[in-house]
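Take a look at the structure set out below.
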Amino acid sequence: MDFRDSPSEAAFRAEACAFLDAHAPEKLGDYWSDDASPEEVLAQHRSWQRTLYDHGWGAITWPQEHGGRGLGPIEQIIWNEELSRRGISGSLFMVGIGMAGPTLIAHGTEEQKARHLDPLLSAEEIWCQLFSEPGAGSDLAAVGTRAERDGEAEDADWIVNGQKIWSSGAHYADFGILIARTDVSVPKHQGITYFLLDMKTPGIEVRPTVEMTGDSHFNEVFFSDVRIPDSARLGAVGGGWGVTQTTLMNERMAMGGVEGMLSFDELRDFVREHAGEIDGVLRDELVRLYGWLKALQLLNARVVTKLGKGVIPTAESSVMKLQIARIMTKAADLALRAAGPEGLARKGYWQNQFLFSPAWHIAGGTDQIQKNVAAERVLGLPREPDPSRELPFEELRRSS
Ligand SMILES: Cc1cc2nc3c(=O)[nH]c(=O)nc-3n(C[C@H](O)[C@H](O)[C@H](O)COP(=O)(O)OP(=O)(O)OC[C@H]3O[C@@H](n4cnc5c(N)ncnc54)[C@H](O)[C@@H]3O)c2cc1C
């Protein structure tokens, strides 16, 4: 493992710093815990993404022909580090730029790429992810939302009925990446098709979900006879699971980094400021957290080293995700205990992190699913049996 930048990485870092020093905003609103209204924060993020787009920094890893910089995951990580050093991490456009865009580039027709990539990269059009359903989360291949052809023609429209859940940002999204079941007579992984859905299509109802924080960032999305043209299908009919893998791999890469996640110094200062003298118990917990964070940074370095050799990390990403959830939960708990009763009475960054922390253990794959991956790939335990894998979807027992 080599922690130093190679000469080409150092040159990239210098170029990125020069750009950011000249153009980065002093502050980019935090959609999750900022005092600014969600609309103001969204406008700030849009404007910053437009600046990045105008100067060719909109997407580090996208090919240059599509407006990206044509660089690899290591440069992406360097870029993330420099953004977070300036306190401007956490793009609201992760689903579009980090997931939908790369999937379109890999599987889209020339028409689809020409129509969508440019407004997606400039944040003129915002995207959401319409994958999870009440009966399909960890077992995503169990999606039951139906898409059926309206007629016999090969390019007939599709009519969609069903429900999605947890759809982040669907209430302000212009487009959604949607997976739906187009064949119930084959095993679950084979009967799925992937669509690019215009969120203004009649028949779509977006219902925001109120979270413990009091905010609404997620939604239930209902489809009643929603008509999608066949030209909005991404990939082959029944080939949606393969396309989905491209999206999920990019989601893991986009979520994986540790930069910008937690500033230990800020946490320590918060604890010191609110708890007065840090007693032995708090000191002990802070030190333990510091150790976990350092171990996570080393694991991240291992992941970066693998990426640099062209290897996609699998089990490491799962262990990282587990540890990130654990650290964020512990940090928020520690901060609120240090703040005492005042911590409960006020609104603020750590209060919000505390209420949001259960989500870290669920989003992007639950703790139990990450442990399954680690058990199989690190410990070499047998693969979890899935008796439903080979059965036709219509024969599966489903709760919804
Ligand atoms: C903050 C946040 C944002 C999200 N954003 C989006 C989004 O924009 N779009 C989208 O499509 N989805 C989104 N999701 C959904 C997310 O991907 C799912 O919540 C997640 O995959 C878990 O699925 P589930 O909620 O259906 O839980 P389930 O899969 O029903 O799991 C319930 C419980 O059973 C456990 N479990 C399930 N299967 C196994 C197993 N095989 N072995 C052991 N334990 C198991 C789980 O660990 C969990 O504890 C988001 C979720 C969160 C929290």
Side-chain angles (χ1 to χ4, degrees), residues 31-33 90-100 103 126-145 162-180 188 192 194-195 197 199 206-213 215-223 240-241 243-245 247-252 254-255 261 317-318 321-322 324-326 328-329 332 352-377 381-389 397-400:
Y31 196 68
W32 307 93
S33 56
S91 168
L92 282 185
F93 311 122
M94 203 261 270
V95 170
I97 296 165
M99 294 154 65
T103 310
I126 302 178
W127 287 66
C128 66
Q129 181 192 20
L130 303 164
F131 283 10
S132 303
E133 297 181 5
S138 302
D139 183 13
L140 188 57
V143 285
T145 291
Q163 184 201 344
K164 297 289 171 177
I165 196 166
W166 285 111
S167 318
S168 315
H171 51 306
Y172 54 70
D174 302 289
F175 282 88
I177 40 177
L178 167 75
I179 53 173
K188 58 184 176 181
I192 296 170
Y194 197 119
F195 298 96
L197 176 65
M199 294 296 284
V206 178
R207 290 191 204 157
T209 310
V210 181
E211 298 144 42
M212 275 201 286
T213 55
D215 302 322
S216 293
H217 301 298
F218 311 104
N219 304 272
E220 293 179 294
V221 180
F222 295 86
F223 308 102
W241 188 247
V243 183
T244 302
Q245 293 314 303
T247 309
L248 296 182
M249 191 186 77
N250 280 283
E251 179 176 16
R252 277 194 286 274
M255 282 187 80
M261 186 191 88
S317 311
S318 290
K321 168 80 208 322
L322 269 172
I324 287 172
R326 187 186 192 200
M328 291 309 289
T329 305
N352 209 290
Q353 284 296 335
F354 181 80
L355 292 174
F356 186 77
S357 57
W360 283 101
H361 300 268
I362 303 170
T366 67
D367 281 5
Q368 290 73 21
I369 295 300
Q370 310 300 346
K371 284 180 185 172
N372 280 352
V373 175
E376 287 168 20
R377 305 213 177 137
L381 296 180
R383 202 181 156 83
E384 187 188 13
D386 180 3
S388 70
R389 202 177 171 87
R397 289 182 61 185
R398 290 170 43 78
S399 56
S400 59

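Numbers here simply count residues along the sequence, with the first being 1. Remember, it's 1-based here, ligands and their atoms both numbered in the order they're listed.
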(Q) My understanding is that we take every heavy atom of each candidate and find the minimum distance to atom 11 (O) of ligand 1. Doing that for S132, P134, G364, which one comes out nearest? (A) S132
Q: Please identify which atoms of ligand 1 are closer than 4.0 Å to at least one heavy atom of S168.
A: 3 (C), 4 (C), 5 (N), 6 (C), 7 (C), 8 (O)
Q: Kindly give the heavy-atom pair with the smallest separation between K188 and D139, and that separation in Å.
A: NZ-OD2, 3.0 Å
Q: Indicate yes or no: at least one non-hydrogen side-chain atom of V221 is less than 4.5 angstrom from one of L178.
A: no
**Q.** Best match, G169, G137, P385, A363: closest heavy atom to atom 23 (O) of ligand 1
**A.** G137
Q: Find all atoms of ligand 1 within a distance of less than 4.0 Å from any non-hydrogen atom belonging to E384, and give their numbers and elements.
A: 40 (C), 41 (N), 42 (N)
Q. Relative to the heavy atoms of N372, which atoms of ligand 1 are at a distance of less than 4.0 Å?
A. 40 (C), 41 (N), 42 (N), 43 (C)
Q: Nearest heavy atom to atom 6 (C) of ligand 1 wins, so pick from F218, W166, F356.
A: W166
Q: Could you tell me the separation between the CH2 atom of W241 and the CG atom of L248, rounded to the nearest 0.5 Å?
A: 6.5 Å
Q. Any idea which of A173, G176, S138 brings a heavy atom closest to atom 31 (O) of ligand 1?
A. S138
**Q.** Contact check, side chains of I179 and T247, non-hydrogen atoms, under 4.5 Å
**A.** no
(Q) Below the 3.5 angstrom mark, is there an N/O of F131, backbone or side chain, next to an N/O of ligand 1? (A) yes
Q. Roughly how far, to the nearest 0.5 Å, is CG of L140 from CD of E133?
A. 8.0 Å
Q) With atoms numbered from 1 as shown, which atoms in ligand 1 lie under 4.0 angstrom from a non-hydrogen atom of I369? A) 38 (N), 39 (C), 40 (C), 41 (N)
Q) Looking only at heavy atoms, is any part of V95 under 4.0 Å from ligand 1, and if so is it the side chain, the backbone, or both, or is it neither? A) neither
Q: Decide whether an N or O pair under 3.5 Å exists between Q368 and ligand 1.
A: yes
Q) Relative to the heavy atoms of I362, which atoms of ligand 1 are at a distance of less than 4.0 Å? A) 19 (O), 20 (C), 22 (C), 53 (C)
Q: Identify, with sequence neighbours excluded, every residue that meets ring-ring contact (aromatic ring centres under 6.0 Å, His included) alongside F175.
A: H116, W127
Q) What are the two closest heavy atoms between M212 and L355, and how far apart are they? A) CE-O, 3.3 Å
**Q.** Which residues share a ring-ring contact (aromatic ring centres under 6.0 Å, His included) with F354, sequence neighbours left out
**A.** none
